[in-house]
Amino acid sequence: MKTKFFLISLILIGFGSIESQTVLEEIEIGKEKQSQNDCRKGIVHFQNALRKNNNSIEAKIGFAECSKTLGSLTDAKRAFAEVLSRSPKNFPAVIGLSEINIDLEEFSEVPKRIDPLLEEFPNHSSLRILESRYLYAIGRKELAIHKLKILSEKLGYPKDVEKMLGELYLRSSQWKESEESLKRYISQSPSDPDGFYLIAKLGLYRNYFHVPNLLSSLADVEENINNALNLDKKHELSRLLLVKLKMIQSYSSGNLDTNILESGFKLIYELAREFPENKHYHALEAALGEELNRSKFASFHYRRSLQIDDLDEIERFAAEEYVIKNEKEESKLRRELGDYRRDRYISEKYSLFFKSAKFHLLRAKDLNPQSPTIRRELLDSYNLSGESIQYINLLLRQREEDPTNFKMQNKLEFAIANLKQSLESQEGYVTIEQSGVHNSVVSTSPEVFVFDLESKVAFPEHYFAGRLLSKALRYNLQNLFNVRLPSDSEFQMIRTSLKELDFHPYSKTIPFSVESLTVLDKERRNTAKIRYVVHGNYQYANDSIDVEIYLYDRTTSKNIGVWKTNQKGRDGLSTILNRISEKIKNSLPIEGKILKVKKDEVLVSLGKRDGLTAKTVVRFVRKGSLITEGDVTALGQDISIIKPKNRGWEKELATGDFVTVRLEQDTKK
């Protein structure tokens, strides 16, 4: 009996030994895969080790680090926390968890974890690097660099400290200092691809805002990227940087070289599949796919990037522009995007943001114009805002589709009867036909040209954001009644001419410059010149849009308006567009022209839409000189009848004369 028990014990000990060896083997294989930057395979081995021994700290650390690399931050945080609960001074866990806290802006968690350790280990380089990352993230950039610089000099320029210093200098645009630190790091660690990647990144970022220097640096940058990839062909950041390099090269001549861009597309294709939770990779693949007419890729990855982060307002607008241009209304993505805008409008139309909510409705109309729900909302919106012509035209289209709808027929007859009583109809500027209602009043409101917005930072997250934000602003301004923009065809012609003067090969933006303003009127001969110009810059980070907009008056050669605003998260874009559009509209003068000279009065192209009321004093101006003033006797939406005050005005005023209004401050004087 004793012999049998002894044999069973030996067998159990043997099994325990085999199991222990298997756990160690799994950990070793996991570490090997991790060192090869293949965390997708490495994490499997760490999970296997944890299944066999859930108390293995090494396996938990490996699992946490690989989860962090793969973007599974919740799993990484939990694993790091479990290690620290058993071993509070485990440096990899302290550093790993604190880095996640910094990335997620959970800054309050970091000091209480690292400060006690820094007191005990004041010269621990990894802890000091972590401290500098934390200080830099909370905005104490100079202190972060200073502390690390002092430590580096004290310890004889250790390579890990020099590497972090090089990165912080690079982020702070201290190019010379960054180059010195990175060269020291590369000399000490010539086999680390990070060094060559960072020196390549430095070459691009230091020259980003100086296009000639940027183009001349591409050869050196590409050589350093290739050095990094020769050391590690899977080096993620080097591959991403190479995509950006190819994007610049593809447009270095001003026109698209599809062969070069194809090579960049293949790289981002691989990255998006290796890191399926990285929304930036999906967004970039969607944009490049659109440029290369790869509709299948563009549609899939626009949807995927929005699934990962549906608060990205810039990516959403980009996806909308893509589907409106390239996909039929029946397409799944277009329908989804339209439904989103419809739902946002319905939830916001009775809130404090009802003004900006209209942007959602107009976008929903562009995306799904046949949707019954969107049509009903449009009818209500047109009716409430007094847009009688749009209201009647939409009712006419719906009557054609449903001629037996008597309720709709009654609405239509009532609206037409009211329109016939309007001043526009009485004066013959509104014609009602079977095809629809037409308004022949031509607006003479101030004309505005909108330049691309420039990024405040090099290589913005969305490389197309500067162009897209200006397009969104033009879209919103076009729906304001007293602001005019050049026609789409003229706008594109002006952009083509401006592109020859200045063009960024990465963002594809055409920046504002006073020297280029003459191009705006290049094709205009006997028509009025564009007087006002909108330009500015932006920054986008963590779903927050930050813009700074200027309104430039070409007559005075000065900015007559400057506005800074920011908004984060859902409805951020529509809110910003409404704020800026209203500011621009209110800064522009109210301008019109005389349409007709009658016996005792004159008809002008200003009405309620332009802000006129029964008490408004209208001024008649020619070549900057006041001719006379007048009072409103009849007021329409787009036109009004004015009774001039001075005697003998009939000899002075003529059709086409300039009309404006007396400002409130002038009235008080």
Side-chain angles (χ1 to χ4, degrees), residues 442-454 456 466 469-470 473-474 476-478 480-487 490-491 493-495 497-498 501-502 509-538 547-565 577 579-594 604-606 609-612 616-629 656-669:
V442 178
S443 173
T444 53
S445 298
E447 198 170 8
V448 176
F449 184 87
V450 183
F451 272 87
D452 296 338
L453 301 189
E454 287 301 297
K456 295 179 183 179
L469 286 170
S470 67
L473 184 56
R474 288 197 306 275
N476 212 57
L477 287 170
Q478 283 171 343
L480 294 180
F481 301 114
N482 48 349
V483 179
R484 279 191 306 139
L485 286 87
S487 66
E490 185 182 12
F491 177 78
M493 190 165 50
I494 292 171
R495 275 188 66 87
S497 299
L498 288 169
L501 300 175
D502 199 356
T509 52
I510 299 171
F512 164 83
S513 68
V514 175
E515 294 76 20
S516 64
L517 292 178
T518 54
V519 175
L520 271 58
D521 309 316
K522 186 178 178 181
E523 300 299 324
R524 298 194 173 196
R525 297 293 181 261
N526 299 318
T527 56
K529 310 302 181 187
I530 300 172
R531 178 175 173 181
Y532 298 98
V533 170
V534 173
H535 64 102
N537 51 57
Y538 79 95
V547 298
E548 185 174 1
I549 304 295
Y550 300 83
L551 179 62
Y552 182 84
D553 185 350
R554 295 175 66 194
T555 303
T556 61
S557 300
K558 292 180 180 178
N559 288 318
I560 60 173
V562 181
W563 306 285
K564 295 181 181 180
T565 185
L577 292 176
R579 286 177 190 166
I580 296 299
S581 298
E582 288 291 327
K583 295 287 187 183
I584 291 171
K585 182 186 77 171
N586 295 333
S587 299
L588 296 174
I590 298 173
E591 296 176 349
K593 287 186 178 181
I594 295 178
V604 302
S605 63
L606 293 176
R609 297 188 197 276
D610 302 285
L612 265 66
T616 301
V617 176
V618 176
R619 314 180 80 185
F620 300 92
V621 180
R622 185 182 297 140
K623 294 182 179 180
S625 300
L626 177 67
I627 301 172
T628 185
E629 293 183 340
D657 276 347
F658 191 73
V659 181
T660 183
V661 300
R662 184 193 288 177
L663 299 177
E664 187 179 345
Q665 55 264 36
D666 295 333
T667 305
K668 289 178 180 178
K669 288 179 183 178

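Source: prediction; values computed, not measured. The basis for the numbers below is simple: all heavy atoms, side chains too, and nothing from hydrogens, waters or symmetry mates.
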message = Are Leu520 and Arg554 packed together at the side-chain level, in the sense that at least one heavy-atom pair is separated by less than 4.5 angstrom?
response = yes
query = Only one of Phe451, Phe449, Tyr550 forms a ring pair (Phe, Tyr, Trp, His ring centres under 6.0 Å) with Phe512, so which one is it?
reply = Phe451
message = Run the side-chain contact (heavy atoms from CB on, under 4.5 Å) test against Ser625 and tell me which residues pass, sequence neighbours left out.
response = none
task = State whether the side chain of Thr660 and the backbone N or O of Arg619 hold a donor-acceptor pair below 3.5 Å, judged by distance alone.
result = no
note = Residues Thr509 and Asp452: closest non-hydrogen pair is CA-OD2, 3.3 Å
key: Distance, nearest 0.5 Å, that separates CG of Leu473 from CD of Gln478   = 10.0 Å
query = Ser497 and Lys522: which non-hydrogen atoms are nearest, and at how many Å?
reply = OG-NZ, 3.9 Å
message = Counting only heavy atoms not in Lys585 (residues, nucleotides, ligands), do more than 12 fall under 6.0 Å from its NZ?
response = yes
remark   = Those residues at least two apart in sequence (or on a different chain) that pass ring-ring contact (aromatic ring centres under 6.0 Å, His included) with Tyr538 are none
request  = Search all heavy atoms of Asp502 against all heavy atoms of Ile510 and return the closest pair with its distance.
outcome  = O-CG2, 3.6 Å
query = Taking atom CD1 of Ile590 and atom CG of Asp610, what is their separation to the nearest 0.5 Å?
reply = 6.5 Å
note = When rounded to the nearest 0.5 Å, the distance separating CZ of Phe658 from OG1 of Thr444 is 7.5 Å
request  = Please identify each residue that fulfils side-chain contact (heavy atoms from CB on, under 4.5 Å) with Thr565, with sequence neighbours left out.
outcome  = Val547, Ile576, Arg579, Ile580
remark   = Shortest non-hydrogen pair, Leu606 vs Val661, comes out as CD1-CG1, 4.3 Å
message = Quick check: do Val450 and Phe491 have side-chain heavy atoms less than 4.5 Å from each other?
response = no
message = With a 4.5 Å cut-off on side-chain heavy atoms, are Ser445 and Leu588 touching?
response = no
Single hit among Arg609, Lys593, Arg484 for side chain to side chain contact (heavy atoms under 4.5 Å, CB included) with Ser443 = Arg484
query = Taking atom CG of Leu577 and atom CG of Leu469, what is their separation to the nearest 0.5 Å?
reply = 7.5 Å
inquiry  = Tell me the closest heavy-atom pair linking Tyr532 and Ile560, and the distance in Å.
reply    = CE2-CD1, 3.8 Å
Asp521 side chain to Ile530 backbone, donor-acceptor under 3.5 Å = yes
key: Contact check, side chains of Asn559 and His535, non-hydrogen atoms, under 4.5 Å   = yes
note = When rounded to the nearest 0.5 Å, the distance separating CZ of Arg474 from OG of Ser581 is 12.0 Å
request  = Decide yes or no for Leu453 and Asn537: does some side-chain heavy atom of the first lie under 4.5 Å from some side-chain heavy atom of the second?
outcome  = no
remark   = Rounding to 0.5 Å, atoms CD (Glu490) and CD (Glu447) come to a distance of 6.5 Å
ask   = Between Pro446 and Glu591, which heavy-atom pair has the shortest distance, and what is it?
value = CG-OE1, 3.7 Å
